[in-house]
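Along the sequence shown, the residues carry numbers beginning at 1.
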Amino acid sequence: MKLEKKELKNHQVEIIAEIEQKQFDQFKSIASRNISRESKIPGFRPGKAPYDVIARIYGEELIEERAVEELVNKIYPEIIKEAGIKPYGPGKLNDIINKNPPKYKFIVPLEPEVDLKDYLDTRLPYKLPKVQKKEIDRVISDLQTNYATAEDVSRPSKEGDLITVKI
């Protein structure tokens with residue numbers, strides 16, 4: 001497999017991959033077997049019809065189209081790995097440049113690059129705010145009130161007691 005890599009302006013990479021004809025022919029036979037498995041061909045069990053019968057019935061173009069799908073699904077991860085890029089998302093088959101030998105053009109979005117420069121120089125000094133004793137006492141009192149449990153008592157009610165009345 002031969003690769004040509006070209007970076008585009010919109011943070012994408014164009015990869016042109018040339019595949020060996022022998023490998024493409026193998027995928028054509030796989031595609032014809034899949035077509036044979038999916039359809040009923042008179043005189044043959046599903047998946048057992050020969051290549052030339054399938055080509056005569058369905059056409060060479062359908063077999064090549066399915067072979068391209070199979071080939072792209074198989075070799076796309078290898079192309080990404082061999083090109084040494086970090087894709088942001090799934091790429092797409094943009095164009096079939098040539099059929100003999102098979103040559104395909106992929107467009108792959110790249111992972112964003114962030115340059116932080118000297119971000120430590122933009123740090124502002126932090127000063128702890130001064131807290132008054134009254135504020136601390138108020139917060140503690142609020143917490144005690146919020147997390148307190150109510151208990152029944154047998155005495156007359158006083159200020160600060162929780163009272164429930166049924167009318």
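Asn98 contributes atom CG, which lies 12.0 Å from atom CD1 of Ile19 (distance to the nearest 0.5 angstrom). We find the CD-CG distance between Gln26 and Leu71 to be 10.0 Å, quoted to the nearest 0.5 Å. Separating the CD1 atom in Ile75 from the NZ atom in Lys81 is a distance of 15.0 Å, to the nearest 0.5 Å. Of the inter-residue distances, the one linking Gln132 atom CD with Arg138 atom CZ reads 12.0 Å to the nearest 0.5 angstrom. Of the inter-residue distances, the one linking Tyr104 atom OH with Ile16 atom CD1 reads 13.5 Å to the nearest 0.5 angstrom. To the nearest 0.5 Å, the span separating CD on Gln12 from CD1 on Ile85 amounts to 10.5 Å.
A donor-acceptor contact shorter than 3.5 Å is absent between the side chain of Lys105 and the backbone of Asp95. Under the 3.5 Å distance criterion, the side-chain polar atoms of Ser39 are matched with a main-chain donor or acceptor of Ile35. Between the side chain of Asp161 and the backbone N or O of Lys158, at least one donor-acceptor pair lies under 3.5 Å. A donor-acceptor contact shorter than 3.5 Å is absent between the side chain of Ser36 and the backbone of Ser32.
Summarising the geometry of Phe24 relative to Ala67, their closest heavy-atom pair is CE1-CB, 4.0 Å, with the distance given to 0.1 Å. For Ala49 against Ile54, the heavy-atom pair with the smallest separation is O-CD1, 3.6 Å. Between Glu113 and His11 the shortest heavy-atom distance is N-NE2, 4.1 Å. Taking each heavy atom of Pro90 and Pro109 in turn, the nearest pair found is O-CD, 3.8 Å. Shown here for Phe44 and Pro50, the closest heavy-atom pair between the two residues is CE2-CD, 3.5 Å. When all heavy atoms of Ile30 and Glu70 are compared, the closest pair comes out as CG2-OE1, 4.4 Å.
Between Asp52 and Arg56, no side-chain nitrogen of the basic residue sits less than 4.0 Å from a carboxylate oxygen of the acidic one, so the salt-bridge criterion is not met.
Glu18 is not listed as a side-chain neighbour of Met1, based on a closest heavy-atom distance of 4.5 Å or more.
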ask   = After noting the C-alpha distance and the side-chain angles of Lys5 and Glu14, does the key distance pass the salt bridge (Lys or Arg N to Asp or Glu O under 4.0 Å) rule?
value = CA-CA 6 Å; Lys5 184 170 81 169; Glu14 176 185 273; over 6 Å; no

query = Between Asn94 and Phe106, is a side-chain contact (heavy atoms from CB on, under 4.5 Å) present by the stated rule, with each step listed?
reply = CA-CA 5 Å; Asn94 199 33; Phe106 296 93; over 6 Å; no

key: Derivation and outcome, salt bridge (Lys or Arg N to Asp or Glu O under 4.0 Å), residues Glu38 and Arg66   = CA-CA 12 Å; Glu38 294 168 2; Arg66 295 273 183 99; 2.9 Å; yes

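Transitive grouping of hydrophobic side chains (ILVMFWY, heavy atoms separated by less than 4.5 Å) brings Phe27 and Ile96 into a common cluster. Hydrophobic clustering of Ile, Leu, Val, Met, Phe, Trp and Tyr side chains at less than 4.5 Å, counting indirect connections, unites Ile63 with Ile41. Placement of Ile163 and Val153 in two distinct hydrophobic clusters is found when ILVMFWY residues are connected by side-chain heavy-atom separations under 4.5 Å, directly or transitively. Linking Ile, Leu, Val, Met, Phe, Trp and Tyr whenever their side-chain heavy atoms come within less than 4.5 Å leaves Tyr147 and Leu162 in two separate clusters. A continuous path of hydrophobic side-chain contacts links Ile80 to Val68 [ILVMFWY only; heavy atoms under 4.5 Å].
Annotation for Tyr88: atom OH does not count as buried by contact number, only 12 or fewer foreign heavy atoms lying within 6.0 Å. For Glu7, the CD atom counts as loosely surrounded, since its 6.0 Å shell holds 12 or fewer non-hydrogen atoms of other residues, nucleotides or ligands. In the displayed structure, Gln23 atom CD is contacted under 6.0 Å by more than 12 heavy atoms of other residues, nucleotides or ligands.
Each of Val13, Leu110, Ile107, Val108 was checked for a side-chain contact (heavy atoms from CB on, under 4.5 Å) with Leu8, and the lone residue meeting it is Ile107.
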